[in-house]
There are 2 protein chains.
Amino acid sequence: MTQMQDRRRAEAWLQSGGVRPTRPRMLLAALLVGDGRHRHVTAESLVDAVKDSGEKVAVATVYNTLKAFSDAGLLREITVNGTRSYFDTDTSNHAHFYWEDTGELADAGNDGAEHQIAVSNLPPAPSGTEISKVDVVIRLRRT
Amino acid sequence: MTQMQDRRRAEAWLQSGGVRPTRPRMLLAALLVGDGRHRHVTAESLVDAVKDSGEKVAVATVYNTLKAFSDAGLLREITVNGTRSYFDTDTSNHAHFYWEDTGELADAGNDGAEHQIAVSNLPPAPSGTEISKVDVVIRLRRT
DNA sequence: TTAAGTGCAAATTATTTGCAGTAAG
DNA sequence: CTTACTGCAAATAATTTGCACTTAA
């Protein structure tokens with residue numbers, strides 16, 4: 001029942017990105033958006049989720065698929081740390097908290113409207129270019 | 001004459017960070033801040049600059065030194081791209097343009113006061129943490 | 001049937017580390 | 001003196017790539 005809904009959402013999601021629903025992609029899509037919630041993943045965390053699901057997908061395929069999903073606009077890649085790429089199922093412009101010690105990443109300011117971050121007075125894109133996205137990362141350290 | 005000024009600035013800079021002025025550090029400092037201007041470098045670009053200067057510093061030392069300078073608060077590390085770290089001699093919070101195709105990094109909105117980017121309504125740092133810095137990266141693609 | 005996708009292992013790339021010398025305070 | 005720094009080579013770690021199958025359309 002939940003499985004069924006997950007598959008339905010996953011399939012619709014892939015379709016909305018114009019991505020062919022292969023077996024590995026369906027599984028990854030279900031793990032990413034099956035429950036209808038947004039999440040942040042790394043290649044590693046997704047590989048672990050695959051393991052936990054009992055299915056098998058090659059590590060390289062996880063990497064390639066994350067990139068394919070990002071290219072299709074289904075995921076947003078977030079670079080906070082030279083050694084690991086994060087992917088967010090929420091592709092809108094929104095700020096993130098990043099814990100420098102643990103490497104945890106979370107949405108910032110989604111605890112109600114009063115803390116909606118605003119970036120104002122953006123300079124115009126240099127001629128010959130356009131803004132593809134604006135990343136705002138609030139780096140945190142333990143006190 | 002210029003060389004002399006460069007050395008003077010480099011030494012003062014190291015001193016302000018409480019970093020011991022060794023031969024490699026003096027050279028790298030001179031390349032980084034000798035002319036009194038701010039710049040963005042990568043380990044690779046700095047290695048090249050060392051070569052051009054006619055001096056020799058081990059690649060590992062360039063990496064270690066960039067990290068040491070960052071730890072001392074003399075440089076600000078900027079992560080825009082999983083595969084390369086950038087270092088900015090301007091350690092203040094300020095936004096950057098990043099060209100996705102060439103990997104070029106530049107200050108944004110420093111063309112006068114009218115385009116001073118403002119990030120407002122920052123959410124409070126989660127308890128037990130404090131904000132170490134806020135990174136704003138405006139990613140550009142060619143049109 | 002055919003272009004795209006997958007699995008696996010090997011390759012790549014930026015960066016880090018171990019360790020034997022060197023040098024700064 | 002003695003603790004930190006440097007150079008070099010080898011080690012890491014995340015990611016990418018090459019290539020022989022598969023599979024979706």
Under-4.0 Å salt bridge between A/D101 and A/R141: no
For [X], check side chain to side chain donor-acceptor pair (under 3.5 Å) against everything at least two apart and list the hits.
X	answer
B/Y63	none
A/E100	B/S132
B/S85	B/E77

Flag for A/H40-A/D90: side-chain donor and acceptor within less than 3.5 Å: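 A/D90 vs A/H40: no donor-acceptor pair found between side chains.
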Pair A/H38, A/D88: side-chain N/O donor-acceptor within cut-off below 3.5 Å: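 No, because no side-chain N or O of A/H38 sits under 3.5 Å from a partner of the opposite role on A/D88.
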Heavy-atom neighbours of B/E104 CD exceed 12 at 6.0 Å: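 Atom CD in B/E104 is crowded, with more than 12 foreign heavy atoms closer than 6.0 Å.
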Over 12 foreign heavy atoms within 6.0 Å of NZ, A/K67: no
Nearest whole Å is fine: how far is [N] [atom2] from [X] [atom1]?
X	N	atom1	atom2	answer
B/Q15	C/dA24	CD	C1'	14 Å
A/L27	C/dT6	CG	P	11 Å
A/M26	C/dG5	CE	C1'	15 Å
B/D48	C/dA14	CG	C1'	14 Å
B/F87	C/dA14	CZ	C1'	11 Å
B/N81	C/dT13	CG	P	14 Å
B/E77	C/dT16	CD	C1'	13 Å

Ring geometry between B/Y98 and B/Y86 (parallel below 30°, tilted from 30 to 60°, perpendicular above 60°): perpendicular
Separation between CZ of B/R39 and CG of B/L75, rounded to the nearest 0.5 Å: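 B/R39 atom CZ to B/L75 atom CG measures 11.0 Å (nearest 0.5 Å).
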Cluster overlap B/F87 with B/F97, hydrophobic side-chain contacts below 4.5 Å: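 Looking at the clustering, B/F97 is in a separate group from B/F87.
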Contacting residues from residues 99-106 of chain B, given that a heavy atom lies under 4.0 angstrom of DNA chain D: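 Those residues whose heavy atoms fall under 4.0 Å from DNA chain D, taken from residues 99-106 of chain B, amount to none.
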End-to-end axis angle, where each axis spans five pairs of the helix from C/dT1-D/dA25 to C/dG25-D/dC1, to 10°: 40°
Contact under 4.0 Å: B/R25 side-chain N or O vs C/dA24 OP1/OP2: no
Annotated protein contacts, base or backbone, on nucleotides 12-25 of chain D with a non-hydrogen cut-off under 4.0 Å, one of B, S, - each: --SBBB-------S
